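Take a look at the structure set out below.
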Amino acid sequence: MPYVIAAPCVADYSCVEVCPVNCIAPGPADPGFAKAEQLYINPALCIHCEACVEACPVNAIFETKALPEPWKAYAQINADYFTQAAR
Ligand code: SF4
Ligand code: SF4
């Protein structure tokens, strides 16, 4: 299952720098990069390597099935970001 970024994210981009498949957005080349309040993981591309989990200073990243109950909706929120970005 892919990893998901939840509410604690402070958009410091530590995870972007370590992701081996560049599936976390927005990145520096994407629109909205400067104003992003949180980042998102593309569930279609994530290879479940956990590198981002260790890099995150605020523990905002969870495997989908391990999302804490209050943040379950973030699985869909992360996926929707890429659906909408593709439109
Ligand atoms: S688990 Fe690995 S592939 Fe998935 S978002 Fe994190 S760093 Fe990228
Ligand atoms: S490392 Fe954590 S806080 Fe930083 S952008 Fe990624 S998810 Fe957000």
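Counting convention: from 1, in listed order, for ligands and their atoms alike. Note that the structure is a prediction, hence the values are computed from the model and not measured. Values below: every heavy atom of this structure, side chains too, minus hydrogens, waters and symmetry copies.
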Requested in this report: State the atoms of ligand 2, each with its element, that fall below the 4.0 Å cut-off from a heavy-atom position in Pro57.
Outcome: 1 (S)
Requested in this report: Report, in ascending order of atom number, the atoms of ligand 2 lying under 4.0 Å from any heavy atom of Val58.
Outcome: 3 (S)
Query raised in the report: side-chain contact (heavy atoms from CB on, under 4.5 Å) with Leu39: which of Cys15, Ser14, Cys56?
Result: Cys15
Requested in this report: To the nearest 0.5 Å, tell me how far Asn78 CG sits from Leu67 CG.
Outcome: 8.5 Å
Query raised in the report: Just how far is it from atom CD1 of Ile47 to atom SG of Cys19, taken to the nearest 0.5 Å?
Result: 7.0 Å
Query raised in the report: Mind checking whether Val16 and Tyr40 sit in one hydrophobic cluster, side chains of I, L, V, M, F, W, Y counted as touching below 4.5 Å?
Result: no
Query raised in the report: Would Phe62 end up clustered with Val53 when hydrophobic side chains under 4.5 Å apart are linked, directly or stepwise?
Result: no
Would you mind running through ligand 1 and noting each atom that sits below 4.0 Å from a heavy atom of [X]?
X     : value
Cys23 : 5 (S), 8 (Fe)
Ile47 : 3 (S), 4 (Fe)
Cys49 : 1 (S), 2 (Fe), 3 (S), 7 (S)
Val21 : 3 (S)

Requested in this report: Around atom 8 (Fe) of ligand 1, find the nearest protein heavy atom and jot down its residue, atom name and distance.
Outcome: Cys19 SG, 2.4 Å
Report task. Distance to 0.1 Å, residue and atom name: give those for the protein heavy atom nearest to atom 3 (S) of ligand 2. Result -> Val10 N, 3.3 Å
Taking all non-hydrogen atoms of both residues, which atom of [X] and which atom of [Y] are closest, and how far apart?
X     : Y     : answer
Asp12 : Pro57 : OD2-CG, 3.2 Å
Pro26 : Tyr13 : O-CE2, 3.4 Å
Tyr74 : Ile5  : CD2-O, 3.4 Å

Query raised in the report: With sequence neighbours excluded, what pairs up with Cys46 under the side-chain contact (heavy atoms from CB on, under 4.5 Å) test?
Result: Pro2, Tyr3, Cys23, Ile41, His48
Query raised in the report: Any chance the side chains of Gln76 and Asp80 put a donor and an acceptor closer than 3.5 Å?
Result: yes
Query - Part of Ile41 with heavy atoms under 4.0 Å of ligand 1, whether side chain, backbone, both or neither - result: side chain
Query raised in the report: For atom 8 (Fe) of ligand 1, does an N/O/S atom of Cys46 lie at less than 2.8 Å?
Result: no
Requested in this report: For Asn22, look at atom CG and say whether over 12 heavy atoms of other residues, nucleotides or ligands are found less than 6.0 Å away.
Outcome: no
Report task. Have a look around atom 6 (Fe) of ligand 2 and list protein N/O/S atoms under 2.8 Å, or say none. Result -> Cys15 SG
